[in-house]
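This structure is a prediction, so every number in the text was calculated from the model and none was measured. Heavy-atom basis, side chains included; hydrogens, waters and symmetry copies ignored.
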Amino acid sequence: MSEALQSLLDLLDLERIEEDIYRGHSRSAVVPRVFGGQVAAQALVAAGRTVPADRHAHSLHAYFLRPGDPGAPIVYNVDRLRDGRSFTTRRVVAVQHGKPIFGLSASFQTYEDGLDHQAPMPPAPDPATLPTGEERLRSYPHLPADTVERFLEARAAVDLRYVDDPPFGDYGTPREPHSQVWFRTNGKLTDDPLLHVVLATYVSDMTLLDSVLLAHGRGGWAVGDVVGASLDHAMWFHRPFRADEWLLYDQQSPSASGGRGLGQARIYTQDGRLAISVIQEGVVRVPREH
């Protein structure tokens, strides 16, 4: 296991303060606020620790309420909304400086057989044939060195490989609002199903709004031609998967309007099983010229 992955796992291993109350800390991010994927993942950890082990996360719905302060602890308060015969529901509120910064509802279910079908996996190149994230980032001479280093540090726990140029790599001309990345953790994980769901949640916030930027030829936060932040985030976990094995993140944007952009995606295992569906809306604004 890489040192960066172990550091991320330590970050997600919340401190229990009291019954249903947990505390977490933050790490550096590309932007000067708490990374949304981190707070979502930590909130899911808090929820999962109050649920029986035979019930696995099948969905989460979350709102980002305020920017998180990376220099302050985050307290996660869990409400046990329901413990039914098949489903368990939890609500988590993340608090900093006495104010909520994030709210999450998560549902867990015992395993059961049922109807089964899925959308087919789209074509994508083998991840082994693609440049690593570091190779691709260092190939763009227009990116400031400190920006590249911030990206690499923030993503060091994950092997994330773009199928095509990301928005910050080739911008200025609108492209199809569709993006693909392969990802897996930089090291093996234990078999705990919640851990794999939590790691996928963490990564899911890294690139989902890229397709919004592609549609308008914008490079994004790395080059400063848009400003924005995640507003809400929803995920449905359909089938078992491992976050330490290759997953294809197939993303697109059906709409942008009113200063907001919508990203939707499907995450597939390398053998073609649809594992996760994701939807996120975010603020995407063009900076005003003075």
Side-chain angles (χ1 to χ4, degrees), residues 1-5 7-8 27-33 35-38 121-187 199-200 202-230 243-253 261 263 265-268 270 278 280 282 284 286-287:
M1 179 183 297
S2 69
E3 182 178 340
L5 178 56
S7 176
L8 176 57
R27 60 182 297 172
S28 60
V30 177
V31 292
R33 57 176 180 265
F35 170 51
Q38 176 206 302
M121 183 178 182
D126 188 311
T129 67
L130 299 172
T132 66
E134 180 173 4
E135 289 169 344
R136 194 177 283 276
L137 277 163
R138 295 197 187 283
S139 72
Y140 300 126
H142 61 274
L143 289 182
D146 62 331
T147 298
V148 171
E149 295 308 319
R150 285 204 309 273
F151 263 102
L152 293 177
E153 181 180 1
R155 298 179 175 183
V158 181
D159 188 348
L160 189 150
R161 305 189 182 196
Y162 290 90
V163 170
D164 295 307
D165 284 313
F168 53 79
D170 180 14
Y171 59 96
T173 302
R175 289 187 268 163
E176 180 186 359
H178 177 239
S179 175
Q180 290 182 323
V181 299
W182 286 97
F183 73 88
R184 64 180 178 184
T185 58
N186 266 324
L199 266 297
Y202 179 86
V203 178
S204 69
D205 191 42
M206 288 182 175
T207 62
L208 187 49
L209 296 182
D210 281 2
S211 52
V212 177
L213 305 176
L214 292 174
H216 300 273
R218 297 281 168 173
W221 301 269
V223 299
D225 61 358
V226 298
V227 294
S230 303
D244 54 5
E245 297 178 353
W246 285 117
L247 297 168
L248 176 66
Y249 199 6
D250 187 75
Q251 306 151 93
Q252 61 179 320
S253 175
R266 292 168 176 161
I267 298 179
Y268 292 85
Q270 195 169 11
V278 193
Q280 181 183 97
V284 182
V286 177

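- Looking only at distances, a side-chain donor or acceptor of E135 sits under 3.5 Å from a matching main-chain atom of T132.
- Contact record, A222 with F151: CB-CE1, 3.5 Å, taken as the closest heavy-atom pair.
- Shown here for D205 and G37, the closest heavy-atom pair between the two residues is OD2-N, 3.0 Å.
- With rounding to the nearest 0.5 angstrom, the CG atom of L130 is 9.0 Å from the CG atom of D164.
- Note: L208 CG to Q251 CD = 5.5 Å, rounded to the nearest 0.5 Å.
- Ring planes of Y249 and F183: perpendicular class, angle over 60° (limits at 30 and 60°).
- With a 4.5 Å cut-off on side-chain heavy atoms, Q270 and P127 count as touching.
- Side-chain contact between D225 and V286 is absent, with no heavy-atom pair separated by less than 4.5 Å.
- The side-chain contact (heavy atoms from CB on, under 4.5 Å) search around T185 returns L5, L189, L199, A243, D244, not counting sequence neighbours.
- When all heavy atoms are compared, the tightest approach of S253 to S211 is N-OG, 3.3 Å.
- Qualifying side-chain hydrogen bond (donor to acceptor under 3.5 Å, both in side chains) partners for S204, counting only residues two or more places apart in sequence or in other chains: H233.
- Here the CG atom belonging to L214 is positioned 11.0 Å from the CG atom belonging to L209, to the nearest 0.5 angstrom.
- Under the 4.5 Å side-chain criterion, counting only non-hydrogen atoms from C-beta, T207 is in contact with L160.
- A donor-acceptor contact shorter than 3.5 Å is absent between the side chain of R218 and the backbone of V284.
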Go through T147 and F168 one step at a time and tell me if the side chain to side chain contact (heavy atoms under 4.5 Å, CB included) criterion holds.
CA-CA 11 Å; T147 298; F168 53 79; over 6 Å; no
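- In this structure, R155 and Y162 approach most closely via the heavy-atom pair NH1-OH, 2.9 Å.
- For the pair V181/M206, no side-chain contact is recorded, criterion being any heavy-atom separation below 4.5 Å from C-beta on.
- Across all non-hydrogen atoms, the minimal contact from A157 to L8 is CB-CD2, 3.7 Å.
- Annotation: salt bridge (Lys or Arg N to Asp or Glu O under 4.0 Å) contacts of R138 (sequence neighbours excluded): E134, E149.
- A donor-acceptor pair under 3.5 Å is formed between the side chain of Q180 and the backbone N or O of P123.
- Listed by chain and residue number, R161, R184, N186, W246 satisfy the side-chain contact (heavy atoms from CB on, under 4.5 Å) test with D159 (two or more places apart in sequence, or in another chain).
- Expressed to the nearest 0.5 Å, how far CH2 of W182 lies from CD1 of I267 amounts to 11.5 Å.
- R175 contributes atom CZ, which lies 4.5 Å from atom CG of D170 (distance to the nearest 0.5 angstrom).
- Using modelled atom types, no side-chain atom of Q280 and backbone atom of G263 make a donor-acceptor pair closer than 3.5 Å.
- Residues passing the ring-ring contact (aromatic ring centres under 6.0 Å, His included) test with H178, sequence neighbours excluded: none.
- P166 has its side chain within reach of Y140: a pair of non-hydrogen atoms, C-beta onward, lies under 4.5 Å apart.
- A215 and P174 make their closest contact through O-CB, 3.3 Å (heavy atoms, listed as atom of the first residue, atom of the second, distance).
- Taking the side chain as every heavy atom from C-beta outward, V226 and W221 approach each other to under 4.5 Å.
- Q252 pairs by the side-chain hydrogen bond (donor to acceptor under 3.5 Å, both in side chains) definition with nothing, not counting sequence neighbours.
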